[in-house]
Peer 1: 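The structure is given below, and queries will be raised subsequently.
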Amino acid sequence: MPELPEVEVVKRSLENKVRNLIIKTIKIKDSNLRYKINKKKLIKLYGLKFKKIQRKSKFLLFFFDRPLVMLVHLGMTGKFFFENKRKKYKTSFYYNLSKKKNNVHDRVVFLLEGKKKLIYNDVRKFGFIKLIGLNYNENVHLAKLGPEPLSKFYNLNYFKKKIIKRVCSVKSLMMDQKFVSGLGNIYVNEILFLSGVRPTRKVSTLKDKEIKKITKFTKKIINDAINAGGSTIKNFSIDDGKKGVYQQKFKVYGREGERCSNTDCSKSIIRVIIANRSTFYCPKCQK
DNA sequence: CCGTTAACCTGAGAGC
DNA sequence: TGCTCTCAGGTTAACG
């Protein structure tokens with residue numbers, strides 16, 4: 001589901017709600033996420049108090065008043081609900097479950113003090129929750145991540161250095177979390193459109209000027225998307241006022257057959273498959 | 001090491 | 001109404 005901007009919005013939305021709350025009990029309603037939840041490990045969180053939440057690329061790290069870290073990846077459809085007596089808050093990107101009870105995909109429920117709840121809900125179960133130590137940078141999921149798109153290390157020189165030995169398409173490269181961490185299918189499509197670069201281009205053929213555009217528009221789009229509250233797809237209802245609206249700005253993603261948004265272009269957006277993912281571009285504006 | 005493909009899981013929406 | 005098919009914001013094991 002979520003790429004860097006959405007995970008960042010979840011982090012910001014959740015942090016103030018759970019900070020300093022103590023976990024009373026954890027109910028595992030379905031342990032079969034991407035990795036089976038180790039219940040014996042997870043109950044180490046009983047009695048611990050939530051402190052800060054950190055985001056690393058598409059991962060969330062929950063810190064406590066003990067040296068333990070809860071590592072969460074939302075996969076495609078993972079989301080959090082926060083509930084208090086009066087209200088149920090959803091983090092953005094609510095998958096449409098309008099015809100069914102919306103709690104059938106609750107997987108893990110953290111019962112907090114004051115009858116508050118933090119609920120992890122995940123339709124497709126591609127997300128995961130793991131308990132790790134403070135040396136989280138050595139964790140297998142985090143150790144090999146490339147720089148974040150907003151980092152100063154993601155620039156022309158880095159890009160050129162990394163593509164020397166590679167023969168893949170620019171789309172595949174940017175989806176590779178070891179190259180740059182946090183981008184996904186939507187934002188890579190959008191970045192390449194604004195950069196005027198066709199997703200199928202082999203990285204060896206990229207000109208400096210094009211790489212500069214790609215890094216520049218990466219930062220712009222990711223910043224804009226965070227400021228827009230991320231993108232909300234298949235949304236049914238968001239009741240905490242934090243619904244993401246960046247999807248209104250999509251120029252190519254999901255727009256197969258529609259006219260290119262550039263005013264001087266009359267071509268239609270086409271869709272191809274790259275690395276098993278839908279890829280959208282304008283055949284005229286993207287060279 | 002690199003690139004590609006399939007697999008993991010569940011539901012929505014289109015077409016018939 | 002119901003069946004079948006394709007698609008979905010991600011990651012990674014297995015293979016050449």
Side-chain angles (χ1 to χ4, degrees), chain A residues 1-10 29-37 56-60 71-79 91-107 121-130 139-146 149 162-191 200 202-204 221-222 225-226 228-236 243-250 252-257 271-280:
Chain A
M1 164 180 85
E3 304 179 35
L4 187 155
E6 290 74 36
V7 181
E8 176 65 24
V9 171
V10 170
K29 306 180 91 171
D30 186 344
S31 62
N32 294 304
L33 302 184
R34 184 104 183 15
Y35 306 109
K36 193 163 179 75
I37 292 178
K56 284 183 90 68
S57 69
K58 300 176 193 173
F59 296 85
L60 289 167
L71 179 66
V72 177
H73 194 289
L74 301 173
M76 292 278 251
T77 52
K79 64 191 73 68
T91 56
S92 290
F93 343 111
Y94 190 61
Y95 208 83
N96 189 351
L97 298 167
S98 56
K99 289 173 194 145
K100 295 188 179 172
K101 287 172 99 180
N102 64 12
N103 64 355
V104 296
H105 299 109
D106 290 356
R107 308 302 181 191
N121 177 294
D122 191 345
V123 174
R124 293 176 70 188
K125 303 197 282 189
F126 288 164
F128 68 80
I129 297 177
K130 275 186 183 179
N139 177 270
V140 61
H141 299 103
L142 306 178
K144 290 178 181 167
L145 291 175
K162 281 289 183 182
I163 63 178
I164 291 172
K165 283 179 255 173
R166 301 193 65 158
V167 291
C168 63
S169 67
V170 63
K171 170 97 188 297
S172 298
L173 179 77
M174 295 178 70
M175 297 280 286
D176 181 352
Q177 304 297 301
K178 294 191 291 301
F179 172 71
V180 59
S181 66
L183 304 181
N185 201 31
I186 288 181
Y187 292 111
V188 170
N189 274 297
E190 296 299 309
I191 290 161
T200 51
K202 296 291 176 194
V203 290
S204 56
I221 286 178
I222 295 303
I226 292 172
S231 303
T232 310
I233 289 185
K234 295 194 179 182
N235 174 66
F236 171 56
K243 174 181 174 180
V245 293
Y246 193 81
Q247 70 280 5
Q248 294 164 10
K249 298 187 180 178
F250 291 170
V252 288
Y253 180 80
R255 295 197 182 281
E256 180 183 17
R271 171 176 171 268
V272 298
I273 302 293
I274 297 180
N276 275 326
R277 311 299 298 276
S278 280
T279 302
F280 304 87

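So that the names make sense, note that chain A is the first sequence line, chain B the second, and so on, each numbered from 1.
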Peer 1: Measure CZ/Phe280(A) against P/dC7(C) and give the value in whole Å, please.
Peer 2: 10 Å
Peer 1: State, to 0.1 Å, how close Tyr187(A) and Glu3(A) come at their nearest heavy-atom pair, and which atoms those are.
Peer 2: CD1-OE1, 2.8 Å
Peer 1: Base, sugar-phosphate, or nothing: which does Asn276(A) touch, judged by heavy atoms less than 4.0 Å apart?
Peer 2: base
Peer 1: Would you check, one step at a time, whether the test salt bridge (Lys or Arg N to Asp or Glu O under 4.0 Å) holds for Asp176(A) with Lys162(A)?
Peer 2: CA-CA 12 Å; Asp176(A) 181 352; Lys162(A) 281 289 183 182; over 6 Å; no
Peer 1: For Watson-Crick and G-U wobble pairs within 3.5 Å on both distances, what is DNA chain B written in dot-bracket notation, | included for inter-strand pairing?
Peer 2: .|||||||.|||||||
Peer 1: Indicate the atoms forming the closest heavy-atom contact of Gly75(A) with Pro2(A), along with that distance.
Peer 2: O-CD, 2.9 Å
Peer 1: In whole angstrom, give the distance that lies between atom CZ of Arg107(A) and atom C1' of dC8(B).
Peer 2: 13 Å
Peer 1: By the 4.0 Å heavy-atom rule, please label Arg277(A) as base, sugar-phosphate, or nothing.
Peer 2: base
Peer 1: Rounded off to whole Å, could you give me the CG-to-P distance for the Leu33(A) and dT11(C) pair?
Peer 2: 15 Å
Peer 1: Closest approach of Lys58(A) and Leu183(A), non-hydrogen atoms and distance?
Peer 2: NZ-O, 2.8 Å
Peer 1: Can you tell me which nucleotide in dC2(B), dA8(C), dG11(B) comes closest to the side chain of Arg271(A)?
Peer 2: dA8(C)
Peer 1: Heavy atoms under 4.0 Å, any strand shown: does Phe59(A) hit a base, just sugar-phosphate, or nothing?
Peer 2: nothing
Peer 1: Can you check the Glu256(A) CD to dC7(C) P distance for me, whole Å?
Peer 2: 9 Å
Peer 1: The side chain of Tyr35(A) is closest to which nucleotide in this list: dT12(C), dA8(C), dC9(B)?
Peer 2: dT12(C)
Peer 1: Measure the distance from CD1 on Ile273(A) to C1' on dC7(C) and round it to the nearest whole Å.
Peer 2: 9 Å
Peer 1: Which residue in the set Asn185(A), Val203(A), Asn189(A), Val188(A) passes side chain to side chain contact (heavy atoms under 4.5 Å, CB included) when paired with Met174(A)?
Peer 2: Val188(A)
Peer 1: Please report the distance separating the P of dG11(B) from the corresponding atom of dT11(C), rounded so that it comes out in whole Å.
Peer 2: 22 Å
Peer 1: Does dT10(B) have its OP1 or OP2 closer than 4.0 Å to a side-chain nitrogen or oxygen of Lys125(A)?
Peer 2: yes
Peer 1: Using atom NE2 of His105(A) as one end and atom P of dA8(C) as the other, report the distance to the nearest whole Å.
Peer 2: 19 Å
Peer 1: Give me the one residue out of Leu71(A), Val7(A), Val72(A) that meets side chain to side chain contact (heavy atoms under 4.5 Å, CB included) with Phe59(A).
Peer 2: Leu71(A)
Peer 1: Please tell me which of Phe126(A) and Val167(A) maps to the more 5' nucleotide of DNA chain B, matching each residue to the nucleotide holding its nearest heavy atom.
Peer 2: Val167(A)
Peer 1: Residues in salt bridge (charged side-chain N to carboxylate O under 4.0 Å, His left out) with Lys165(A), at least two apart?
Peer 2: none
Peer 1: Arg166(A) side chain: which of dC2(B), dG10(C), dT12(C) is closest?
Peer 2: dC2(B)
Peer 1: If we take the P atom in both dT6(C) and dA6(B), what is their distance in whole Å?
Peer 2: 14 Å
Peer 1: Mind checking whether Glu8(A) and Glu6(A) have side chains closer than 4.5 Å, heavy atoms only?
Peer 2: no
Peer 1: Looking only at atom P, what distance separates dT5(B) and dC7(C), rounded to whole Å?
Peer 2: 15 Å
Peer 1: What is the ring orientation for Tyr35(A) with His141(A), classed by angle as parallel under 30°, tilted 30 to 60°, or perpendicular over 60°?
Peer 2: tilted
Peer 1: Report the distance from atom CZ of Arg124(A) to atom C1' of dC9(B), rounded to the nearest whole Å.
Peer 2: 7 Å
Peer 1: Mind checking whether Leu173(A) and Val180(A) have side chains closer than 4.5 Å, heavy atoms only?
Peer 2: no
Peer 1: Enumerate the residues from residues 168-180 of chain A whose closest heavy atom to DNA chain B is under 4.0 Å, giving them by residue number; use none for an empty result.
Peer 2: Cys168(A)
Peer 1: Identify which nucleotide among dA8(C), dT10(B), dG10(C) has an atom closest to any side-chain atom of Asn185(A), counting heavy atoms from C-beta outward.
Peer 2: dG10(C)
Peer 1: Rounding to an integer number of Å, can you tell me how far Phe250(A) CZ sits from dG9(C) P?
Peer 2: 10 Å
